[in-house]
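Structure first, then comments.
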Amino acid sequence: MDNRDTVTFKADAVTSKQELHNGKIVLEEYNPLWPVLFEQEADRIRIALGNRAVHIYHVGSTSVPGLSAKPIIDVLLVVVDSSDEVSYVPDLELIGYTLHIREPDWFQHRLLRGRCSVSVNLHVFSENTPEIEQMLRFRNWLRSHDDDRDRYEKVKRELSQHTWRYVQDYADAKTAIIQEIINNIPINKVI
């Protein structure tokens, strides 16, 4: 489906401003429906983008069985060039996504948000971006190492009790434990 010539491109209205949160972070116990919801959303994205969706992965806490999470499905979409927004954003807008964040200085990351049967954060990166492997290594490690999953969850629960001006501040506060766990994953470990 290629609607680039017939669709109004809304992405030009994206700003770098964060949405004010001023509250605690609500975590839910792991829900076995999260992978099912991810698959439904991945199918919608595949239909909208066809082969322009190089890979689609379930990432974030909802992708780790047993881990509490904000009830938002994190999807990692890999495209040829994430900075070429016209090649994928209009078709994602047609299925209900809105471009919220454009980060040219961080691997050309784009974040779109969607809401169909579930809230979705759709992270878009270009092929061969190092952050893709990093996200997948962390996810896979937590899926197979309960001790690190539990340590991560403990920190998340403690942080969720604080009042956060922006949700990104909560995410940034988790960086230390995430980096600590990633640094302890053996380099040659296939996970």
Side-chain angles (χ1 to χ4, degrees), residues 1-4 9-19 34-35 37-64 67 69-70 72-116 118-143 152 166-172 174-175 177-179 181-183 185 187 189-191:
M1 179 175 196
D2 188 350
N3 296 303
R4 286 175 271 176
F9 192 46
K10 301 175 193 170
D12 292 333
V14 174
T15 68
S16 60
K17 293 181 182 176
Q18 297 184 44
E19 295 172 10
W34 288 337
L37 295 170
F38 159 75
E39 286 299 335
Q40 290 172 351
E41 206 56 31
D43 287 344
R44 291 180 68 237
I45 294 165
R46 278 186 203 98
I47 290 168
L49 297 182
N51 64 1
R52 288 173 287 153
V54 177
H55 298 288
I56 303 173
Y57 301 105
H58 189 187
V59 295
S61 294
T62 62
S63 71
V64 179
L67 184 59
K70 297 185 309 290
I72 300 169
I73 305 297
D74 281 297
V75 177
L76 171 56
L77 169 63
V78 180
V79 296
V80 172
D81 179 3
S82 57
S83 69
D84 182 13
E85 294 174 8
V86 74
S87 72
Y88 63 93
V89 172
D91 288 322
L92 292 172
E93 288 175 339
L94 286 174
I95 62 168
Y97 282 92
T98 304
L99 182 61
H100 277 264
I101 297 173
R102 178 183 289 128
E103 296 180 291
D105 295 337
W106 188 56
F107 305 112
Q108 291 293 336
H109 174 251
R110 302 301 190 265
L111 174 74
L112 293 92
R113 291 200 179 129
R115 177 97 183 125
C116 188
V118 64
S119 291
V120 176
N121 282 337
L122 179 60
H123 302 271
V124 185
F125 286 106
S126 301
E127 286 183 289
N128 303 314
T129 297
E131 187 62 19
I132 296 167
E133 181 181 346
Q134 184 98 318
M135 292 171 83
L136 296 175
R137 284 176 56 80
F138 184 66
R139 177 202 67 186
N140 293 348
W141 185 263
L142 292 184
R143 284 178 172 178
Y152 180 54
Y166 301 104
V167 174
Q168 186 59 48
D169 295 337
Y170 162 78
D172 291 345
K174 296 185 303 180
T175 300
I177 186 66
I178 292 170
Q179 200 57 55
I181 291 170
I182 288 173
N183 288 345
I185 299 173
I187 297 292
K189 175 74 175 170
V190 176
I191 51 178

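Ring geometry, F125 versus W106: the interplanar angle exceeds 60°, so the pair is classed perpendicular (tilted spans 30 to 60°).
Looking at I178 and T175, their side chains never come closer than 4.5 Å, going by heavy atoms from C-beta outward. In this structure, V75 and I56 have side chains that are in contact, with non-hydrogen atoms separated by less than 4.5 Å.
Residue E93 holds its CD atom at 7.5 Å from CG of L99, rounded to the nearest 0.5 Å. Taken to the nearest 0.5 Å, the OG1 atom of T98 stands 10.5 Å off from the CG atom of L111. Atom-to-atom distance recorded for F107:CZ and I132:CD1 is 9.5 Å, nearest 0.5 angstrom. Note that NE2 of H109 and CD1 of I101 are 7.0 Å apart. Values are rounded to the nearest 0.5 Å. Put simply, CD1 on I185 and CG on N140 are 8.5 Å apart, with the number rounded to the nearest 0.5 Å.
Of the listed residues (V120, L92, N121, L77), just one forms a side-chain contact (heavy atoms from CB on, under 4.5 Å) with L112, and that residue is L92. Here the options are E85, H100, E103, the test is side chain to side chain donor-acceptor pair (under 3.5 Å), and the partner is R110; only E85 passes.
Taking every heavy atom of both residues into account, A48 and I95 meet most closely at CB-CD1, 3.9 Å. Considering every non-hydrogen atom in both V80 and V54, the closest pair reads N-CG2, 3.9 Å. Listed here is the closest heavy atom pair of H58 and R143: O-NH2, 4.3 Å. What you find for I72 and T62 is that their closest heavy atoms are O-CG2, 3.4 Å. Residue S61 comes nearest to L67 through the heavy atom pair OG-CD2, 3.5 Å, listed as atom of the first residue, atom of the second, then distance. Between S87 and R52, the closest heavy-atom pair is O-NH1, 2.6 Å.
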Between R139 and Y57, is the side-chain contact (heavy atoms from CB on, under 4.5 Å) condition met? List the steps. CA-CA 10 Å; R139 177 202 67 186; Y57 301 105; 4.2 Å; yes
Full working for side-chain contact (heavy atoms from CB on, under 4.5 Å) between F138 and Y152: CA-CA 11 Å; F138 184 66; Y152 180 54; 4.1 Å; yes
Verify side-chain contact (heavy atoms from CB on, under 4.5 Å) between F38 and V118, making sure each step is shown before the conclusion. CA-CA 9 Å; F38 159 75; V118 64; over 6 Å; no
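Side-chain N or O atoms of R137 include none that pairs as donor or acceptor with a backbone N or O of I182 at under 3.5 Å. Listed for the S82 side chain is a donor-acceptor partner under 3.5 Å among the backbone atoms of Q108.
Partners of N128 under the side chain to side chain donor-acceptor pair (under 3.5 Å) rule, at least two apart in sequence or in another chain, do not exist in this structure. D43 pairs by the side chain to side chain contact (heavy atoms under 4.5 Å, CB included) definition with R46, not counting sequence neighbours. By the side chain to side chain donor-acceptor pair (under 3.5 Å) test, E41 pairs with R44, Y97, sequence neighbours left out.
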